[in-house]
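All residue numbers in this chain count up from 1 along the given sequence. Just follow the structure's listing: the first ligand is 1, and inside any ligand the first atom is 1. All values below come from the heavy atoms of this structure, side chains included, with hydrogens, waters and symmetry mates left out.
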Amino acid sequence: MARLTSHYVALAGGVGGAKLAHGLAQILPPQALTILVNTGDDFEHFGLTICPDLDTVCYTLAGLANPETGWGRREESWRALENVRRLGGPDWFRLGDQDLGTHLERTRRLREGQPLSAITRDFCRAWGIAHRVLPMSDDPVRTIVTTEEYGDLPFQEYFVRYAWQPRVRGFRFQGAATARPIPEAVKALAEADAIILCPSNPWVSIDPILAVYAPYLPKAKPVIAVSPIIGGQAVKGPAAKMFTELGIEASARSVAEHYRPYLTDFVLDQADAALQESIASMGIRVHLAQTLMHTEADRRRLAEDVLNFIHQR
Ligand code: FO1
C-alpha cells in the first residue's frame, strides 16, 4: 500500500484523541486525512450548544488548546464565568471567555438552521485548520450514563458536575439510531485505506461514533486502534474506572476485545508488552509503541509509528 497516496479516517473524541489527530495532521497532507469527531458529549448550557470534543479537536489542531487541561483555549480569561458565579448561576462547567465566543456564534448559526458540519468547516477555515474535521452527525446525539447513585445522567453532568465519581452501569446514545451520518464521512470511509481509532475513551468517545458509522466501516481495510489504557490505567479520564465498574478488567487487552468486531490492528504501549501475545491470539496484528504524548513531537512520532505499522503488511 503506497503511503503517500493513501487516505485515512481518524475517529476521535477527548484530549487523547485530539493529540493523535494532531500528530497525524502534522505529517499527512490535508487531502489524506479526515477526522470524524464524537458529538455524544454535546449539550445545551445557558441556552448555548456546547460541543466539547469537537472544540477540543479543533483547538488542538489549530494550536489554540489550553496545554494544561487539553480542553478549552490557551491564554483564556474567565470573567464571564466569574460574573455568573457572583450572580449565583451554575459555574460547574468552566466556560472561558474566548471559548464562549465559539458557543455563541455556533448557536446563532444553528438557530438559523445551518448544519453543524458546515459551521465546523467555516470555523476550521477561520482557525487555519487545513484538514477536514467532521462532527459525526448534524443530528443531535446525546450520551447518557446510567449510574448506580443517580440513575441516568447526561454525559457532562456525569463527567464534570459529578467529576466521573458515580459508579457506571451502562451507556446509551440517545438519538444515534436515527442520526444521519455525514455524507462526506461515509464517502471518506468507503475510500479510506485505513481507519484509525484514536486513543480516546472507547465507551463514551468512540462508541457513539461507531453507533452511527459501524455499518459504513469498510470490510476489507485495516482498522487500527491505539489503546488509551496503559498498565491498567487510563492516561486521562474515567476509561479504566468504567471498565472496572462494568465488571471488565481494565487493560489494553480489554480495549482490543471491546473493538474486536471491527479491529485488524492494535497498538499498545511498550509497558504492556506482556499482553502482546494474548491480543495477537485474537487474530489481531499487534504493535508496541511509546503511546504517551507529552509533547507535540510525541504526537508526531506516535502518528508515524501507527502509519508505518499499517503499511507493514
Ligand atoms: N472538563 C472538565 O473536567 N471541567 C470543565 O469545567 C470543563 C469545561 C469545558 C469547557 C469547554 C470544553 O470544550 C470542554 C470542557 N471540559 C471540561 C472537557 C469536557 O467535558 C471533556 O473533555 C469531554 O466532554 C470528554 O471528552
Residue that, paired with Val145, satisfies side-chain contact (heavy atoms from CB on, under 4.5 Å) out of Tyr150, Phe155, Trp203: Phe155
Determine the minimum heavy-atom distance between Val204 and Met242, stating which atoms define it. CG1-CE, 3.9 Å
With atoms numbered from 1 as shown, which atoms in ligand 1 lie under 4.0 angstrom from a non-hydrogen atom of Gly14? 26 (O)
Contact check: Arg94 vs ligand 1, nitrogen or oxygen atoms, below 3.5 angstrom: yes
Suppose I only count heavy atoms of Phe155 and a 4.0 Å limit; which atoms of ligand 1 are within that range? 24 (O), 25 (C)
Determine, for Phe309 and Arg285, whether the Lys NZ or Arg CZ falls below 6.0 Å from the six-membered ring centre while staying within 45 degrees of the axis. yes
Mind checking whether Asp53 contacts ligand 1 via backbone (N, CA, C, O), side chain (CB onward), both or neither, at a 4.0 Å heavy-atom cut-off? side chain
Of the listed options Asn66, Val160, Thr143, closest to atom 4 (N) of ligand 1 (non-hydrogen atoms): Val160
Are more than 12 heavy atoms from other residues, nucleotides or ligands located less than 6.0 Å from atom CD of Glu277? no
Identity and separation of the nearest protein heavy atom to atom 24 (O) of ligand 1: Asp41 OD2, 2.5 Å
Protein residue, atom and distance nearest to atom 11 (C) of ligand 1, heavy-atom basis: Asp99 OD2, 3.2 Å
Between His287 and Asp305, does any side-chain donor sit less than 3.5 Å from a side-chain acceptor? yes
Taking CD in Glu75 as the centre, count heavy atoms belonging to other residues, nucleotides or ligands within less than 6.0 Å. Is the count above 12? no
Just to confirm my output: which protein heavy-atom neighbour is closest to atom 21 (C) of ligand 1, and how far is it? Phe159 CE2, 3.6 Å
Looking only at protein heavy atoms, identify the closest one to atom 20 (O) of ligand 1 and say how far it is in Å. Gln156 OE1, 2.8 Å
Is a salt bridge present between Glu249 and Arg253, judged by a nitrogen-to-oxygen distance below 4.0 Å? no
Have a look at Trp71, Tyr158, Tyr59, Trp164 and point out the one with the heavy atom closest to atom 18 (C) of ligand 1. Trp71
With no hydrogens and no angle check, do the side chains of Ser281 and Ser278 hold a donor and an acceptor under 3.5 Å apart? no
Which option out of Gly17, Gly13, Pro52 puts a heavy atom nearest to atom 12 (C) of ligand 1? Pro52
